[in-house]
Amino acid sequence: MIEVYGDPASYIVVAQTLLRIFEGLVICMIIGMVLGLLMGLERNVEAFFDSWIMVLLTFPAICWAFLSVLWFGFSDIGPILTVVLIVFPFVTMNIWEGTKAVEKELVDMATVYKADRFLMIRKVYIPMLMPFVFSALRIALSLSWKIILVGEAFAVGSGVGQKLIYWFEDTRVDMMLAWGVSFMIFMVVIDLVVFRSWERRTFAWRHQIAN
Amino acid sequence: MDGSEFVVLDSISLNVDEGNFASIVGPSGCGKSTLLNIIAGIETHESHEGGSIQVFPKSGAESTPRIGYVFQNARLLNWLTVEGNIQFVLEAQKIPRDTWDGQVAKYLEMVGLEGQEKNYPLNLSGGMQQRVAIARALAIEPDVLLMDEPFSHLDEITARKMRFDLMEILMRAKPTILFVTHDLGEAVFLSDQIYMMSTKPARIFKEISIDIPRPRQPEDPVIFDLEKDLVREFFRVLEAQE
Amino acid sequence: MSTRVRGIGLRIGSIFVMLGIWWVTAIWMNDVEILPGPVLIGKTIATNLVTLGPEGQTAYFHIGITLGRTFIAFAAAMLAGIGIGLAMGLRKVFEHSLMALIPLMLTMPTILMVFLAVLWFGFNEVGSLVAVVGVVTPFVAVNMFEGAKAMDKSLLDMAKTFKAPRRMLIQKVYLPMLLPYIFSAFRFGFGITWKIVALAETFGIKYGIGYMFFFWFEQFIMEQVLAWIIMFVVLMLILEHGVFARLESKAFAWRPSHSL
């Protein structure tokens, strides 16, 4: 393992992977939140798209990896596309459930006071959805970093995933584990550090208990 | 109510004068909350014999009436401050922004919560949350203030204080109020008129005017006597139905 | 028109829209190597099902192999998972000793698990079995652990005051309480297993749907790659939504139906 991290070139590899994860996540979250919100608010949209979501959920990562190679060759698009197509349905479902679970009582109250759609979405739906967005993001991250490895292994020539398959084909379990386990630990640390503190700050209004 | 014909409310006719406090009293399930929700526009009504709801707003013209509503639960947006909650309805009603600070301060003071602007709802007791809800409803200066058993979820002591404070608010702000409750004593203490409602089908079977001058004292024997009479009236009607 | 009818109509409509978009894009791109149209894929699938494929096996052969591996591996993972999960829920000893291991196994990326399993146990059935067990068992175990912890103590006490014998307790009280957890582990676990088997087959384990993915991918023959992907997805959908959903509703017939 020291062998790996002593070499500065390794950090570039990790950075590449992280960048792809980030790009994939951003796209996932945007598509997922918009679609999830629409599906939760409008019955018709829900009925239309839920079969698409169901179908997308059955696709194995490897299929997208292969398809993106056939379509785009070995490029960054491969792993990112794979991540987006597999993870955004999860985000969508999360937000969709959240939107539907929105407390009718508060929506009714806002309706009585004649809040227009825009105000409702801004001040009622979105704050109520924040916990769901949060958990969706967390799930998305935990899925994404694993999927990106599949994408990198088969559809692009760089990144941690590519290192894994390289050492796999060389049957060097030690090197494979060095890359794999260290990356795992790294991602777990990010999850703990980023999410815990972020959660505490955003949801400050919750932690106050009524006198 | 889908498909089958299920008459919940049958020819209800109410007339509330401006500045008056009218109560609708009846047993649970008689549809009084439903009536309020229909007026507020969160439930729809299928008028078979042509029912209509006409509210003549203070503005005189036939514009849509401004309605304030205080629910059984405060229904505050917990992620907004007290002032944020009031500003929310001011924005919803498209009231000009420059008046907001004044309105917030004025009505918070009226409900006894001056200084609480920046506090969050979850830091407040049940009674205080309900006061915010009342301030919120008053802040838009509604043509009609609807109240659906607003004190029924509070403990008795808090509820008594709230009723007394509501009476004082009435004398200052003079809103037109339509108040729903199952508590006759509460109705007698607060109202100028009481509409008594029965179930199956829901209809108003009696209207009573309460002429006791304000400020009223909760221990006033006149109020007790009136309450006793009304209770007797209710039992009479309910028994006659069986 | 009633909401239900509209819902079904929209769903069917959306499938047609999907196919429509595919068809139009395929014609517009006019390049079979990039995007063959649905008609061509349909024909390819039909041909695959009827004729012998490369190396002289039928499509059913491959499908059968993948299914076989999936069911066996899944059964093993489920049994192990349920066993471990319940053990952890019922005896503190197990909970403490295994609690540290499980998050580790859950965080491990599938691809790494598959690589390890295959390198250590060989490019064969054992390898793929181990890979599946490694990924799915911890997941099922956690599910069952939660289920065991969540067992409604008041119901158990009630049964005990009526002096219900142990076997009755297990059958009529424990099992039904655990059933929802078993089912959710089942649903999710099966989906994952299916994908892991396909992944394992893709690089090196002989025969099966995954093997076919890779075979045609290497030859850059898009129609076949897409054809096999579609077959895979359709099969999975039928299993998950047709078979399992049906089983689930029977098992939970006592619950009031949630109108949507």
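Worth saying up front: this structure is predicted, and the values here are computed from it rather than measured. The chains referred to below are lettered A, B, ... by the order of the sequence lines, with proteins before strands, and numbering in each begins at 1.
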### Message
With chain C as the partner, which of A/Phe49, A/Phe168, A/Trp71 has the greatest number of non-hydrogen pairs under 4.5 Å?
### Response
A/Phe168
### Query
Can we call the ring centroids of C/Phe139 and C/Phe188 under 6.0 Å apart?
yes
#### Entry: Under-4.0 Å salt bridge between A/Glu42 and A/Arg117
yes
#### Entry: Most contacts with chain C, counted as non-hydrogen pairs under 4.5 angstrom, among A/Ile147, A/Ile165, A/Leu57
A/Ile165
## Note on the structure
Okay, A/Met54 and chain C: the region with an atom under 4.5 Å from a heavy atom over there is both
### Task
Heavy-atom distances under 4.5 Å only: say whether C/Val118 touches chain A with side chain, backbone, both or neither.
side chain
### Message
Please classify the contact of C/Ile209 with chain A as side chain, backbone, both or neither, using a heavy-atom distance under 4.5 Å.
### Response
neither
### Task
Can you tell which part of C/Thr107 gets under 4.5 Å to a heavy atom of chain A, answering side chain, backbone, both or neither?
both
### Query
Which answer fits A/Val150, side chain, backbone, both or neither, if we ask what part of it has an atom under 4.5 Å from a heavy atom of chain C?
both
### Task
For C/Asn143 and C/Ser184, run side chain to side chain donor-acceptor pair (under 3.5 Å): C-alpha distance rounded to whole Å, both residues' side-chain angles, the deciding distance at 0.1 Å, then the answer.
CA-CA 8 Å; C/Asn143 236 290; C/Ser184 86; 3.2 Å; yes
### Query
Top residue by heavy-atom pair count (under 4.5 Å) with chain C, among A/Gly180, A/Ser51, A/Cys63?
A/Cys63
### Message
Shorter than 4.5 Å, heavy atoms on both sides: which option in A/Phe154, A/Trp52, A/Trp145 has the most such pairs with chain C?
### Response
A/Trp52
### Query
Checking heavy atoms, do the side chain of C/Trp120, its backbone, both or neither come under 4.5 Å from chain A?
side chain
### C/Glu201 bridged to C/Arg69 by N-O distance under 4.0 Å
yes
### Query
Is the shortest side-chain N to carboxylate O distance from A/Asp174 to A/Arg172 below 4.0 Å?
yes
### chain C interface, residue from A/Gly161, A/Ala61, A/Pro60, A/Ala153 that has the most non-hydrogen pairs under 4.5 Å
A/Pro60
### A/Lys100/A/Glu46 ion pair, N-O < 4.0 Å
yes
### Query
Which class fits the ring pair C/Trp194 and C/Phe232: parallel under 30°, tilted 30 to 60°, perpendicular over 60°?
parallel
#### Entry: Proximal component of C/Leu226, with respect to chain A [non-hydrogen, under 4.5 Å]
side chain
### Heavy-atom contact with chain A under 4.5 Å, split by part of C/Ile12
neither
#### Entry: A/Phe72 atom CZ: more than 12 heavy-atom contacts under 6.0 Å
yes
#### Entry: Contact leader toward chain C among A/Val173, A/Asp50, A/Val188, where contacts are heavy-atom pairs under 4.5 Å
A/Asp50
### Task
Answer yes when A/Arg20 and A/Glu152 have at least one side-chain N-carboxylate O distance shorter than 4.0 Å, and no when they do not.
yes
